[in-house]
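Chain letters run A, B, ... following the sequence lines, proteins first, then strands; residues in each count from 1. Since this is a predicted model, take the numbers as computed values, not measurements.
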There are 2 protein chains.
Amino acid sequence: MEYSSNQVSKMSGVSARTLRYYDEIGLLKPARIASSGYRIYGQAELDTLQQILFYKEMGFSLTDIRKLLSAPDFDREQAFMNHLAELSKKRERLDTLIETVTKSIAALRGEQTMSDKEKFRGFKQAMIDENEHQYGTEIREKYGEEAIERSNARIKGMTHERYAEGERLRQEAEDTLKAALEIGDPAGELAQKACDLHGKWLAVFQPEYNKAYHKSLGELYVADERFKVYYDKIAPGCAEFLRDAINIYCAG
Amino acid sequence: MEYSSNQVSKMSGVSARTLRYYDEIGLLKPARIASSGYRIYGQAELDTLQQILFYKEMGFSLTDIRKLLSAPDFDREQAFMNHLAELSKKRERLDTLIETVTKSIAALRGEQTMSDKEKFRGFKQAMIDENEHQYGTEIREKYGEEAIERSNARIKGMTHERYAEGERLRQEAEDTLKAALEIGDPAGELAQKACDLHGKWLAVFQPEYNKAYHKSLGELYVADERFKVYYDKIAPGCAEFLRDAINIYCAG
DNA sequence: AGTTGACTTTGACGCAGCGTAATACTTTAT
DNA sequence: ATAAAGTATTACGCTGCGTCAAAGTCAACT
């Protein structure tokens with residue numbers, strides 16, 4: 001079935017102007033261009049638009065959305081599962097906001113006291129600080145590491161410099177890790193250097209370095225299949241090796 | 001208790017740049033400027049910032065937020081009650097989105113069929129069309145007519161022209177209504193003219209004029225204290241008069 | 001007191017993601 | 001055939017900041 005841009009616009013609520021913009025930036029190309037010059041969309045395009053709107057709902061930039069959708073391993077069913085989880089978290093944030101309102105009313109009426117910090121619980125900006133550890137990690141494994149770091153960088157207002165530094169550290173940590181794995185000594189100088197770099201990478205995104213968290217992250221890399229797969233792509237056995245090296249590093 | 005902009009920023013998650021911008025546009029002035037030139041915020045400013053963030057959460061522009069907050073009849077407790085209601089509606093929208101995802105998954109697996117229109121249920125843009133009647137009315141009475149019409153205009157992508165036409169019609173309807181009230185005949189030419197204008201104003205925001213809706217709106221103006229207050233500000237007894245005039249108009 | 005790093009200001013440029021509008025061509029309905 | 005609706009391209013502008021440079025202020029340390 002085919003649709004004109006007006007029909008797609010009415011169906012989705014996205015303006016025709018927006019559809020043209022999406023075509024222009026390569027985010028959503030029409031199925032074909034009629035002899036009149038009119039854009040014609042098909043089933044696949046509607047499905048893509050739906051995905052775009054879900055990612056927009058999660059706060060991704062159009063550039064990031066394009067990357068995610070064009071990744072060779074993009075899987076629609078997996079994406080839906082991710083949307084489901086994220087919508088649930090978003091719903092929780094709304095619950096927190098609702099709680100903030102009810103508490104604010106009670107405070108206004110003198111029925112209870114409320115700290116100034118509490119007044120901002122649930123707002124998007126404040127949520128980043130509260131949930132950075134879990135938020136970052138969970139999204140990262142679901143959506144891919146690069147897109148997440150970009151998303152986090154944008155949300156947190158990190159400078160390009162700082163973000164680039166994080167990228168450099170991560171890349172160097174992984175390269176060092178790979179070299180250390182060839183030697184095979186988690187207590188060795190190279191492995192400990194990799195851990196040091198890894199910790200520095202971690203510190204770019206956290207208020208400050210936390211040894212316990214670093215250690216638990218190493219365990220997570222082994223315990224969670226998806227992380228394990230990610231690291232074993234660097235080299236087989238990498239996840240366990242890094243976990244062991246981190247344990248030694250944090251014990252030192 | 002006083003706070004520096006850094007402290008407010010950390011507490012609320014709003015950047016210092018944003019705080020400066022809010023000061024610049026008159027949205028959130030600091031309590032005072034220290035001798036150093038630094039902005040110092042107090043309790044009242046924190047409370048105002050909280051309100052700003054709630055309205056932003058509802059999608060209001062900063063200009064509209066400033067108008068709402070500076071209105072002589074702005075009441076914080078009433079505002080909280082409104083935020084509560086709006087957050088609930090927002091939560092319902094999320095539920096609809098979640099439903100859309102689960103249905104999409106089922107459709108993907110071939111377990112059920114899904115129309116193309118259904119794929120977009122719950123997205124912000126699509127929600128406007130589905131709920132315009134109730135959505136517009138409820139927000140209007142809660143937040144003030146002008147702000148709502150501006151908000152709706154923005155959301156719906158109305159042209160400035162069309163919006164201005166709606167404004168002109170509303171103003172003329174109210175002026176005519178006032179003059180008709182002085183005559184005192186709801187069936188009179190002037191009163192019926194006011195109803196005609198009022199109906200035309202209604203039609204600017206609806207897909208098409210609906211007599212039943214127009215009539216129920218007249219009843220609402222009398223039944224709901226806040227509407228009654230609004231119209232009786234034009235002239236005492238105005239709400240009932242308009243309700244009566246509309247009933248006659250719609251019976252004609 | 002001097003130094004350094006963190007904090008804060010003002011001024012200014014640029015960006016994402018469109019909305020709006022003009023002009024001209026195409027399609028649809030009467 | 002005509003008029004209205006639909007659609008394209010081109011181009012400007014807007015909101016709400018993010019980023020950055022330059023300079024002043026504050027706080028902690030030596």
Side-chain angles (χ1 to χ4, degrees), chain A residues 2-10 12-30 32-41 52-53 55-57 59-67 124-125 128 150-164 207-208, chain B residues 2-10 12-28 30 32-41 52-53 55-57 59-66 124-125 128 150-164:
Chain A
E2 295 195 325
Y3 301 100
S4 69
S5 61
N6 183 276
Q7 288 169 319
V8 173
S9 175
K10 280 198 152 67
S12 64
V14 171
S15 71
R17 173 73 184 99
T18 302
L19 289 173
R20 288 201 296 275
Y21 181 64
Y22 289 176
D23 181 8
E24 188 183 307
I25 64 172
L27 180 59
L28 177 62
K29 292 288 183 183
R32 63 184 181 88
I33 307 292
S35 57
S36 57
Y38 287 14
R39 291 172 175 79
I40 305 295
Y41 297 87
I52 289 167
L53 293 180
Y55 283 116
K56 275 188 63 168
E57 191 72 36
F60 284 89
S61 69
L62 299 184
T63 303
D64 285 343
I65 295 172
R66 196 181 56 208
K67 284 182 185 172
K124 200 174 303 172
Q125 301 89 340
I128 302 298
R150 289 182 64 91
S151 183
N152 264 346
R154 175 183 58 82
I155 293 171
K156 289 194 68 174
M158 288 173 74
T159 62
H160 285 308
E161 268 180 14
R162 197 159 170 225
Y163 172 61
E208 59 186 356
Chain B
E2 295 194 325
Y3 302 99
S4 67
S5 60
N6 184 277
Q7 288 168 319
V8 174
S9 175
K10 280 196 154 66
S12 64
V14 172
S15 71
R17 173 74 185 92
T18 302
L19 290 174
R20 289 200 296 276
Y21 181 66
Y22 289 175
D23 181 8
E24 186 184 311
I25 63 172
L27 179 60
L28 178 64
R32 64 183 181 90
I33 307 293
S35 56
S36 56
Y38 287 15
R39 292 172 175 82
I40 306 296
Y41 297 88
I52 290 167
L53 293 180
Y55 283 116
K56 276 189 62 169
E57 190 73 35
F60 284 89
S61 69
L62 299 183
T63 303
D64 285 344
I65 294 172
R66 195 182 55 208
K124 200 175 299 172
Q125 301 89 340
I128 302 296
R150 288 182 64 91
S151 184
N152 265 347
R154 177 182 56 82
I155 294 173
K156 288 193 69 174
M158 287 173 73
T159 63
H160 285 309
E161 267 182 11
R162 198 160 170 222
Y163 171 60

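Distance Lys10(B) NZ to dA6(C) C1': 10 Å, rounded to the nearest Å. Distance Tyr21(A) OH to dA11(D) P: 17 Å, rounded to the nearest Å. Counting to the nearest Å, the P atom of dG16(D) and the CZ atom of Arg66(B) are 10 Å from each other. In this structure, the CG atom of Asp64(B) is 11 Å from the P atom of dT15(D), given to the nearest Å. Taking atom CD1 on Ile33(A) and atom P on dG6(D), their separation rounds to 19 Å, with Å as the unit. If you measure from atom CD of Glu24(A) to atom C1' of dT7(D), you get 16 Å, rounded to the nearest angstrom. The CG atom of Leu19(A) sits 15 Å away from the P atom of dG6(D) (whole-angstrom rounding). Ile25(A) places its CD1 atom 10 Å from the C1' atom of dC18(C), with the value rounded to the nearest Å.
Side-chain proximity of Leu62(B) to dG18(D), dG16(D), dG17(C): nearest is dG16(D).
Taking only side-chain nitrogens and oxygens, Lys56(B) comes nearer than 4.0 Å to OP1 or OP2 of dC17(D). The phosphate of dG19(C) (OP1 or OP2) has a side-chain N or O of Ser15(A) nearer than 4.0 angstrom. Distances shorter than 4.0 Å separate some side-chain N or O of Thr18(A) from OP1 or OP2 on dG19(C).
The two residues Ser15(B) and Ser9(B) have their closest heavy-atom pair at CA-OG, 3.7 Å. Smallest separation of non-hydrogen atoms from Gln7(A) and Glu2(A): OE1-O, 4.2 Å.
The shortest distance between side-chain heavy atoms of Val8(A) and Val14(A) does not fall below 4.5 Å. Contact annotation: the side chain of Tyr22(A) approaches that of Leu62(A) to within less than 4.5 Å [non-hydrogen atoms, C-beta and beyond]. Looking at heavy atoms from C-beta onward, Asp23(B) lies in side-chain contact with Arg39(B) at the 4.5 angstrom threshold.
One distance of note links CG of Leu28(A) with OG1 of Thr18(A); it measures 11.0 Å at 0.5 Å rounding. Of the inter-residue distances, the one linking Asn6(A) atom CG with Ser4(A) atom OG reads 5.0 Å to the nearest 0.5 angstrom.
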Run the numbers on Ile52(B) and Arg66(B) for side chain to side chain contact (heavy atoms under 4.5 Å, CB included), then give the verdict. CA-CA 8 Å; Ile52(B) 290 167; Arg66(B) 195 182 55 208; over 6 Å; no

Tabulate protein N/O versus nucleotide N/O from nucleotides 3-5 of chain C, keeping only pairs under 3.5 Å, one per line.
none

Would you tabulate the pairs of protein nitrogen or oxygen atoms and nucleotide nitrogen or oxygen atoms of nucleotides 8-14 of chain C closer than 3.5 angstrom?
residue : atom : partner  : partner atom : Å
dT8(C)  : OP1  : Ser4(B)  : OG           : 2.9
dT8(C)  : OP2  : Asn6(B)  : ND2          : 3.3
dT8(C)  : O4'  : Tyr38(B) : OH           : 3.3
dT9(C)  : OP1  : Arg39(B) : N            : 3.1
dT9(C)  : OP1  : Arg39(B) : NH1          : 3.0
dT9(C)  : O5'  : Arg39(B) : NH1          : 3.3
dT10(C) : OP2  : Arg39(B) : NH1          : 3.1
dT10(C) : OP2  : Arg39(B) : NH2          : 2.9
dA12(C) : N6   : Arg17(B) : NH2          : 3.4

